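All heavy atoms count here, side chains included; hydrogens, waters and symmetry mates do not. This structure is a prediction, so every number in the text was calculated from the model and none was measured. Labels below follow one simple rule: chain letters A, B, ... track the order of the sequence lines, proteins then strands, and each chain is numbered from 1.
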Protein chains: 2
Amino acid sequence: MAHSDQYIDKLRKSGLRPTKQRIKICEVLFDAEKTFHFTIKELVKIIENQANIKVSLATVYNTVHAFIRKGYLKEIPLNASQSYFDTNVTHHHHFFDEEENKLIDIHQDDVDEVNIKRIIPGKKIRSVEVIAKIVSDNQSQK
Amino acid sequence: MAHSDQYIDKLRKSGLRPTKQRIKICEVLFDAEKTFHFTIKELVKIIENQANIKVSLATVYNTVHAFIRKGYLKEIPLNASQSYFDTNVTHHHHFFDEEENKLIDIHQDDVDEVNIKRIIPGKKIRSVEVIAKIVSDNQSQK
DNA sequence: CAACAGTTTAGAATAAATATAATGTATTAT
DNA sequence: ATAATACATTATATTTATTCTAAACTGTTG
Ligand SMILES: [Mn+2]
Ligand SMILES: [Mn+2]
Ligand SMILES: [Zn+2]
Ligand SMILES: [Zn+2]
């Protein structure tokens, strides 16, 4: 439990008390080797498989949203039917594999800065995100 | 009713019979001066205000999805809580005004081609979309 | 215009997300 | 440490977007 202090810190900074449910959520989210994308349902399943702690859906939703508010997680809108979340909170872009229904990160350095010529008076750009949909390349055909 | 034939054509090509409900939906969607963005709820409200035809939610959903399948409408994922649709089916990008919750088109010519250096073996890019979130520019401060 | 296929609709069903309120726990004050 | 307090957790109910169902209705075709 080397990272436990960091989780407690993240929780406290999010205005949340460090309870065992929330620390478990942190372990799943922030202990992973690599960042990853998930739905709430998937997160609940991971927690259930990885621990014998029972965590209610409400707690997972509340904790995830608290982390999003603080910038410890990002929400990726892709599909109207459910939210995807991202533990990679750096500025980056995505491939979305339409066949596997999987997000794949594209590092910011792998996309030339997006140059938008149009401006809206009185408004400024806060963020720019690129989503590239990909499918199998059956290049043999045609 | 000059455009009526076009609507009937669109409906037939979508595999739908031209009923008065569907023609009304077409009028709202395709008769507008400019292309526009809408949610299903907004579309139903427009129809109710503009006609004394009653159209059920189910019919609106079904017709909109049939048009999406045919490419007569596009769906814009923005927000997990509800779908936005677009009568502009050309390849283009969007500003999303986070304060007004409104989409604004960015013409393809107003964005330099997005150059993604990374490739995924066996996959090809089908589409690339940019969403730039905008907020008020209170430039007076700081 | 009859017969049929396809359509509309109200209402039910589903599923994601959020709210509620009773019970439990971390924190703080004593 | 213990009690008091504030906050959390949970099961459950609610809300909301969307889809399904099945009965009544309408466009189409001959
Ligand atoms: Mn959300
Ligand atoms: Mn849809
Ligand atoms: Zn990502
Ligand atoms: Zn648009």
Is any side-chain nitrogen or oxygen of [X] closer than 4.0 Å to OP1 or OP2 of [N]?
X	N	answer
His65(A)	dA17(C)	no
Ser83(A)	dA17(C)	yes
Arg22(B)	dG27(D)	no
Gln21(A)	dT10(D)	yes
Thr19(B)	dT26(D)	no
Tyr61(B)	dT18(D)	yes
Ser56(A)	dT9(D)	no

**Asked** Apart from Val89(B) itself, what residues make up its hydrophobic cluster, given side-chain heavy atom links below 4.5 Å?
**Response**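 Answer for Val89(B): none, a lone residue.
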
Just the rounded figure in Å: distance from [atom2] of [N] to [atom1] of [X].
X	N	atom1	atom2	value
Tyr84(A)	dA17(C)	OH	C1'	16 Å
Lys41(B)	dT19(D)	NZ	C1'	17 Å
Ile47(A)	dT10(D)	CD1	P	10 Å
Lys54(A)	dT12(D)	NZ	C1'	12 Å
Leu78(A)	dA16(C)	CG	P	16 Å
Ile40(A)	dT18(C)	CD1	C1'	12 Å
Leu57(B)	dA12(C)	CG	C1'	14 Å
Asn62(B)	dT21(D)	CG	P	12 Å

Listed by chain and number, what are the ring-ring contact (aromatic ring centres under 6.0 Å, His included) partners of [X], not counting sequence neighbours?
X	result
His94(B)	His37(B), His92(B)
Phe38(A)	Phe36(A), Phe85(A)
His107(A)	none

Hey, can you pull the donor-acceptor pairs under 3.5 Å for the side chains in residues 10-20 of chain B, sequence neighbours left out?
{"from": "Lys13(B)", "atom 1": "NZ", "to": "Asp9(B)", "atom 2": "OD2", "distance (Å)": "3.1"}
{"from": "Ser14(B)", "atom 1": "OG", "to": "Lys10(B)", "atom 2": "O", "distance (Å)": "2.8"}
{"from": "Thr19(B)", "atom 1": "OG1", "to": "Arg22(B)", "atom 2": "N", "distance (Å)": "3.3"}

**Prompt:** Is the backbone of Asp105(A) close enough, under 3.5 Å, to the side chain of Arg118(B) for a donor and an acceptor to pair up by distance?
**Reply:**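 Yes, the answer is positive, given that a donor and an acceptor are paired below the 3.5 Å cut-off.
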
**Prompt:** Looking at CD1 of Ile104(B) and CG of Asp97(B), how far apart are the two atoms once the value is rounded to the nearest 0.5 Å?
**Reply:** 5.5 Å

**Request:** Pick base, sugar-phosphate or nothing for Lys20(B), based on heavy-atom distances below 4.0 Å to the nucleic acid.
**Result:** nothing

**Pairs involving residues 8-34 of chain A, ordered by first then second residue, that meet ring-ring contact (aromatic ring centres under 6.0 Å, His included) (sequence neighbours left out)** =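 Passing the test, one end in residues 8-34 of chain A: Phe30(A)-Phe67(A).
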
**Prompt:** Of all heavy-atom pairs between Glu75(A) and Ser83(A), which one has the smallest distance, and what is that distance?
**Reply:**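 That closest heavy-atom pairing would be OE2-OG, 2.5 Å.
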
Side-chain donor-acceptor distances from residues 126-133 of chain A under 3.5 Å, at least two apart:
{"from": "Arg126(A)", "atom 1": "NE", "to": "Glu98(B)", "atom 2": "OE1", "distance (Å)": "3.0"}

**Complete:** Terminal axes of the helix from dC1(C)-dG30(D) to dT30(C)-dA1(D) (5 end pairs apiece), angle rounded to 10 degrees, sit apart by 30°

**Asked** Between residues 10-17 of chain B and DNA chain D, which residues have a heavy-atom gap below 4.0 Å?
**Response**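 DNA chain D contact set from residues 10-17 of chain B: Arg12(B), Arg17(B).
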
